[in-house]
Trainee: 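Before anything else, here's the structure in question.
Note that the numbering runs from 1 along the sequence shown for the chain. Fair warning: this is a prediction, and the values are worked out from it, not measured in the lab.
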Amino acid sequence: MTDAFLNRIGTSVPEHDVHDVFVAFAGTLLTDDRLRRLFNRMADRSGISHRHSTLQPANDPTSESLDEGGFYRRGAFPTSAARMGCYETAALPLALQAIGRLGDSAQLDRVTHLVVTSCTGFYAPGLDLELVAQLGLRSSVERTMVGFMGCYAAFNALKLARHIVRSEPSARVLLVNIELCTLHLQDTSNLEQVLSFLVFADGCAASLVSAEPVGLRLDRFHAELLPDTAPLISWRVGDQGFDMVLSGQVPGAIGAGLTRSGCRILEGASTDAIDLWAVHPGGRSVLDAVQNALQLAPDALSASREILREYGNMSSATILFVLERMMRTARSGASGIAMGFGPGLVAETLRFQVA
């Protein structure tokens, strides 16, 4: 059976760093002094220093509008239609930037399949067809959209790419994971909601999967559905943007679930036998839960923590940022496990080896 390899990854984020501005803005949403102090403590402990948005933040977080363009105006946050219009305008340039960073060796003229994942915006004709036109891809390229799966969608896209290459060894699959999470901010004084907005950011990752033995060999995918956790993460289309529920119980549920299912994910191997751990940085507490449940070394999740600090949680794009950083320095033959979490609650995992 033909092996499939994640050959290369290109990443991009918008130019506007909004993390500090949002922290200041959140203080004006939380009118209760106790809740404001609690939020500030959580922000200090978040492990995040920077998050980027397609929207340019206002200089004064106490002003009527949170951003320079007036997209978020107090008491008049945009409708879902307005948010989707902004997504349609901003998605293509960010995706092209990430794809451009794959370099000339990506040989886009040989791409046979295109897979796009996103849970933060939709339109048709969609981003897939725009990319075909802008990149000059073959008109016969096979296109797949993976939608509304949340942070673990990249695993499902990589899984699909692996199936394609194993069944068609000459295939070259271009993956685009793009999320504009900051288009779904809500005007709320609910502390749990405000804390969820504290971690999310915009970003895009593009990658190429083929049978060429370069990069990371995609060895095995495994999914674990954690029982009795369905209400903890949800993502639904509302009239004023997409409405997220991200319970504070998520890290505990992940920790308990991995304690029970770790042997299946590891296939009986010891964690010491795994050289690289690429865990989706859904938040500092999520990384802590994984580290504690699997009893990993103190520096095992350093790449994930670095990406969280520099970019926040960019939903489906984030795990590719982690893998891209690992690929820069990983030694040939090193073994690894990648892991992400999302609605269900489901843990998606990938065993890989550096080619």
Side-chain angles (χ1 to χ4, degrees), residues 22 26 29-30 35 39 42 46 48 51 53 72 77-84 86-87 116-123 145-157 159 177-203 223-258 260-261 279-287 289-290 308 312-319 339-349:
F22 174 77
L29 290 175
L30 300 169
L35 295 181
F39 172 83
M42 297 296 286
S46 67
I48 301 172
R51 291 182 298 126
S53 173
Y72 288 123
F77 271 32
T79 63
S80 295
R83 297 173 197 246
M84 291 302 93
C86 188
Y87 179 96
V116 178
T117 77
S118 188
C119 69
T120 50
F122 305 98
Y123 58 98
M145 300 288 291
V146 178
F148 231 64
M149 295 195 78
C151 295
Y152 55 50
F155 289 85
N156 292 280
K159 196 182 304 181
N177 307 99
I178 183 163
E179 304 289 3
L180 303 182
C181 302
T182 65
L183 297 184
H184 298 287
L185 180 65
Q186 300 294 322
D187 193 357
T188 178
S189 59
N190 180 285
L191 178 62
E192 196 163 66
Q193 281 188 297
V194 176
L195 284 170
S196 71
F197 300 138
L198 175 68
V199 301
F200 285 102
D202 300 351
E224 282 286 341
L225 175 62
L226 309 183
D228 304 318
T229 59
L232 301 186
I233 302 178
S234 66
W235 189 231
R236 290 182 169 85
V237 179
D239 294 335
Q240 303 294 315
F242 299 172
D243 296 324
M244 166 167 277
V245 172
L246 183 61
S247 170
Q249 299 176 48
V250 167
I254 289 173
L258 291 181
R260 292 192 301 268
S261 62
V279 177
H280 168 72
R284 181 195 57 79
S285 57
V286 168
L287 295 177
V290 174
L308 179 67
N313 180 352
M314 299 164 286
S315 192
S316 71
T318 322
I319 191 64
M339 186 180 303
F341 311 95
L345 212 159
V346 176
E348 293 277 358
T349 67

Trainee: Quick check: closest heavy atoms across Val279 and Leu287, and the distance to 0.1 Å?
Mentor: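 Answer, listing the atom of Val279 first, then Leu287: CG1-CD2, 3.7 Å.
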Trainee: When the aromatic ring centroids of Phe242 and Phe148 are compared, is their separation below 6.0 Å?
Mentor: yes
Trainee: For a 4.5 angstrom cut-off between non-hydrogen side-chain atoms, does Val116 reach Val146?
Mentor: no
Trainee: Under a 3.5 Å distance rule, please check whether Trp235 uses its side chain to pair with a backbone N or O of Val245 as donor and acceptor.
Mentor: no
Trainee: Give the C-alpha distance, both sets of side-chain angles, the deciding distance and a yes or no for side chain to side chain contact (heavy atoms under 4.5 Å, CB included) between Val194 and Asn190.
Mentor: CA-CA 6 Å; Val194 176; Asn190 180 285; 5.8 Å; no
Trainee: Find the distance between OG1 (Thr120) and CG (Leu180) and round it off to the nearest 0.5 Å.
Mentor: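 With rounding to 0.5 Å, OG1 (Thr120) is 5.0 Å from CG (Leu180).
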Trainee: Measure the shortest side-chain to side-chain distance between Pro281 and Asn313 over non-hydrogen atoms and say whether it is less than 4.5 angstrom.
Mentor: no
Trainee: So, do Leu308 and Ile48 sit near enough that their side-chain heavy atoms are less than 4.5 Å apart?
Mentor: yes
Trainee: Kindly compute the distance separating OG (Ser118) from CE (Met145), expressed to the nearest 0.5 Å.
Mentor: 7.0 Å
Trainee: Examine distances only and state if a side-chain atom of Arg83 and a backbone atom of Leu185 form a donor-acceptor pair shorter than 3.5 Å.
Mentor: yes
Trainee: For atom CE of Met42, is the number of surrounding heavy atoms from other residues, nucleotides or ligands below 6.0 Å larger than 12?
Mentor: no
Trainee: Please name the pair of heavy atoms, one in Gln193 and one in Met244, separated by the smallest distance, quoted to 0.1 Å.
Mentor: NE2-O, 4.3 Å
Trainee: Looking at OG1 of Thr229 and CZ of Phe341, how far apart are the two atoms once the value is rounded to the nearest 0.5 Å?
Mentor: 11.5 Å
Trainee: Between Thr79 and Ala82 (side chain of the first, backbone of the second, donor and acceptor by atom type, cut-off under 3.5 Å), is there such a pair?
Mentor: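 A pair under 3.5 Å: yes.
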Trainee: What verdict does the side chain to side chain contact (heavy atoms under 4.5 Å, CB included) test give for Tyr87 and Ile178, after you've listed the backbone C-alpha separation in whole Å, the side-chain angles of each residue and the deciding distance to 0.1 Å?
Mentor: CA-CA 10 Å; Tyr87 179 96; Ile178 183 163; 3.9 Å; yes
Trainee: With a 4.5 Å heavy-atom cut-off, do Tyr123 and Met84 have their side chains touching?
Mentor: no
Trainee: What is the minimum heavy-atom distance between Ser46 and Leu198, and which atoms define it?
Mentor: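 In terms of heavy atoms, the two residues are closest at CB-CD2, 4.2 Å.
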Trainee: I'd like to know if the side chain of Glu224 reaches the main chain of Leu258, judged simply by a donor and an acceptor atom lying under 3.5 Å from each other, with no hydrogens or angles considered.
Mentor: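 No, Glu224 side chain to Leu258 backbone: no donor-acceptor pair under 3.5 Å.
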Trainee: Drop me the distance from Phe200's CZ to Glu179's CD, to the nearest 0.5 angstrom.
Mentor: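 Phe200 CZ to Glu179 CD: 9.5 Å, rounded to 0.5 Å.
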Trainee: For Ala253 and Leu226, work out which heavy atoms get closest and say how close.
Mentor: O-CD1, 3.8 Å
Trainee: What are the two closest non-hydrogen atoms of Tyr72 and Leu183, and how far apart are they?
Mentor: OH-C, 2.9 Å
Trainee: Output yes when a side-chain donor or acceptor of Ser234 lies under 3.5 Å from a complementary backbone atom of Pro231, and no otherwise.
Mentor: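 No.
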Trainee: Quick one: does Ser315's side chain get under 4.5 Å of Cys119's, heavy atoms only?
Mentor: yes
Trainee: Tell me, do Phe155 and Thr117 make a side-chain contact under 4.5 Å, heavy atoms counted?
Mentor: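 Phe155 does not reach Thr117 side chain to side chain.
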Trainee: Please check: side-chain N/O of Asp202 versus main-chain N/O of Thr182, any donor-acceptor pairing under 3.5 Å?
Mentor: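 Looks like yes, one N/O pair under 3.5 Å.
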Trainee: For the CG atom of Leu195 and the CZ atom of Phe39, what is their distance to the nearest 0.5 Å?
Mentor: 6.0 Å
Trainee: Does Tyr152 reach the main-chain N or O of His280 with its side chain, forming a donor-acceptor pair under 3.5 Å?
Mentor: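 No, Tyr152 side chain to His280 backbone: no donor-acceptor pair under 3.5 Å.
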Trainee: Any side-chain heavy atom of Ser189 sitting closer than 4.5 Å to one from Leu29?
Mentor: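 No; the side chains remain at least 4.5 Å from each other.
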Trainee: With a 3.5 Å distance limit and no angle check, can you tell me whether Ser80 reaches the backbone of Asp239 through a side-chain donor-acceptor pair?
Mentor: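 Flag set: sc Ser80 to bb Asp239 pair under 3.5 Å.
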Trainee: Does the Gln186 side chain pair with the main chain of Asp243, one donor and one acceptor, at a distance under 3.5 Å?
Mentor: no
Trainee: How far does CG of Leu225 sit from CD of Glu348, to the nearest 0.5 angstrom?
Mentor: 10.0 Å
Trainee: Please name the pair of heavy atoms, one in Ala153 and one in Ser316, separated by the smallest distance, quoted to 0.1 Å.
Mentor: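 Residues Ala153 and Ser316, closest heavy atoms: CB-CB, 3.8 Å.
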Trainee: Determine whether Glu192 and Ser247 make a side-chain contact, defined as any pair of heavy atoms from C-beta on separated by less than 4.5 Å.
Mentor: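 Side-chain contact under 4.5 Å: yes.
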